[in-house]
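Here the structure is a predicted model, which is why all the values come from computation and not from measurement. Convention: sequence-line order gives letters A, B, ...; per-chain numbering from 1.
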Number of protein chains: 2
Amino acid sequence: MYQRKTPEDLECGITIAMKVFGAKWKPCLLDAIQRGFRRPSEMHREIKGATPRVLDMQLRELEASGIVEKCQSTGFPLYTEYTLTDVGRSIMPVIDRMNEWGLGYKELLGEQSLQSISL
Amino acid sequence: MYQRKTPEDLECGITIAMKVFGAKWKPCLLDAIQRGFRRPSEMHREIKGATPRVLDMQLRELEASGIVEKCQSTGFPLYTEYTLTDVGRSIMPVIDRMNEWGLGYKELLGEQSLQSISL
DNA sequence: TCGGTTACCGAATCTTTTTTCGGTAATTGA
DNA sequence: TCAATTACCGAAAAAAGATTCGGTAACCGA
């Protein structure tokens, strides 16, 4: 059993936010849902950089955190829809600003130098 | 040599933002600098959840991305200061909103259930 | 019954990130 | 000379995160 050496700081809002939606694809998923891509298959098509598997997993985590809600119908073909909860909607201004900032930063640097920042 | 199968989407501002400051401690570091903790040793004391090593590393990455600037004096004791660049300052509204959101989410859930969200 | 669509999941593997540990260098004052 | 302070860095190990591959299940229509 692993005992973490450094304590988690759950007083810090940033730490909490990072825990809830600071994963590689979570902000993209939330953005996609807001833009109307509510079905898993739609998100898979929309978010090209990610494998379907990881999107499924992160969607499940967002559901566990109460950020999205899943509605499933039993018809054919299978139809599942994810929607933002109220809490989920309250993240969107943050995501939107991340997006704006990222685009501004790209403008500033040019795409080539962006690729060279190998973080 | 690893060849990634899925392309990176550098059109997406969110992806870029995540790349630049979406690491575990970068938002905390930027927040600390803004709150006046400019010296590495101060940040080490301030950000308790992180090891000094990882803070040093992420600070170096932020410097490489042009988000912070390093000023070093040669006196004794060694004195190093990191400050936000203009670009760095432009991230702060995003970070601030992450922090606000995280604190609000904590209120909503209570700290216990927060720990149980093992993401 | 078989192929196609949608929505998933498990397990192994690979990659990335973080941690741990143990250094170095500059400088001052005791 | 030696301890103490500050600011780092390298390398190995551990942990976390993402990817790949290959499944299952529900259901319809041909």
Enquirer: Hey, is the side chain of Thr51(B) poking within less than 4.0 Å of OP1 or OP2 on dT19(C), counting only N and O atoms?
Expert: yes
Enquirer: Quick check: do Met43(B) and Tyr82(B) have side-chain heavy atoms less than 4.5 Å from each other?
Expert: yes
Enquirer: Could you state the CZ-C1' distance from Arg60(A) to dC9(C), rounded to the nearest angstrom?
Expert: 7 Å
Enquirer: Is there a side-chain polar atom (N or O) of Lys70(A) under 4.0 Å from OP1 or OP2 of dC8(C)?
Expert: yes
Enquirer: Should the side chain of Arg53(B) and the base of dG10(D) be counted as holding a donor-acceptor pair, with the cut-off at 3.5 Å?
Expert: yes
Enquirer: For the pair made of CG in Leu59(A) and P in dA18(D), what is the distance, rounded to whole Å?
Expert: 14 Å
Enquirer: Minimum heavy-atom separation for Gln58(A) and Trp25(A), please, with both atom names.
Expert: OE1-N, 3.0 Å
Enquirer: Starting at atom CD of Glu61(B), determine the distance to atom C1' of dC9(D), rounded to an integer number of angstrom.
Expert: 14 Å
Enquirer: Just to confirm, is there a sub-4.0 Å distance from OP1 or OP2 of dT5(C) to any side-chain nitrogen or oxygen of Ser41(A)?
Expert: no
Enquirer: Examine dT6(D): is either OP1 or OP2 under 4.0 Å from a nitrogen or oxygen in the side chain of Gln72(B)? Give yes or no.
Expert: no
Enquirer: Out of dT6(D), dT19(D), dC8(C), which nucleotide sits closest to the side chain of Arg39(B)?
Expert: dT6(D)
Enquirer: Expressed as a whole number of angstroms, how long is the span from Leu55(A):CG to dG17(D):C1'?
Expert: 14 Å
Enquirer: Treating Ile, Leu, Val, Met, Phe, Trp and Tyr as nodes and any side-chain heavy-atom pair under 4.5 angstrom as an edge, say whether Tyr105(A) and Leu84(B) lie in one connected cluster.
Expert: yes
Enquirer: In whole Å, I'd like the distance from the CE atom of Met18(B) to the P atom of dT16(C).
Expert: 15 Å
Enquirer: What nucleotide, of dA25(C), dA18(D), dT19(C), holds the atom closest to the side chain of Leu78(B)?
Expert: dA25(C)
Enquirer: Between Asp56(B) and Arg53(B), does any NZ, NE, NH1 or NH2 come within less than 4.0 Å of an OD or OE carboxylate oxygen?
Expert: no
Enquirer: To the nearest Å, give me how far apart CH2 (Trp25(A)) and P (dA16(D)) are.
Expert: 22 Å
Enquirer: Distance check: side-chain N/O of Thr80(B) vs OP1/OP2 of dC8(D), anything under 4.0 Å?
Expert: yes
Enquirer: Please tell me whether Leu108(B) and Ile67(A) are part of a single hydrophobic cluster in this structure, the criterion being side-chain heavy atoms less than 4.5 Å apart.
Expert: yes
Enquirer: Less than 4.0 angstrom between a side-chain N/O of Tyr82(B) and OP1 or OP2 of dC8(D), yes or no?
Expert: yes
Enquirer: Rounded to whole Å, how long is the line connecting atom CE of Met57(B) with atom C1' of dT17(C)?
Expert: 8 Å
Enquirer: Gln58(A) near the nucleic acid: base, sugar-phosphate alone, or nothing, with a heavy-atom cut-off under 4.0 Å?
Expert: sugar-phosphate
Enquirer: Please report, rounded to the nearest Å, how far the P atom of dG23(C) is from the CG atom of Asp56(B).
Expert: 18 Å
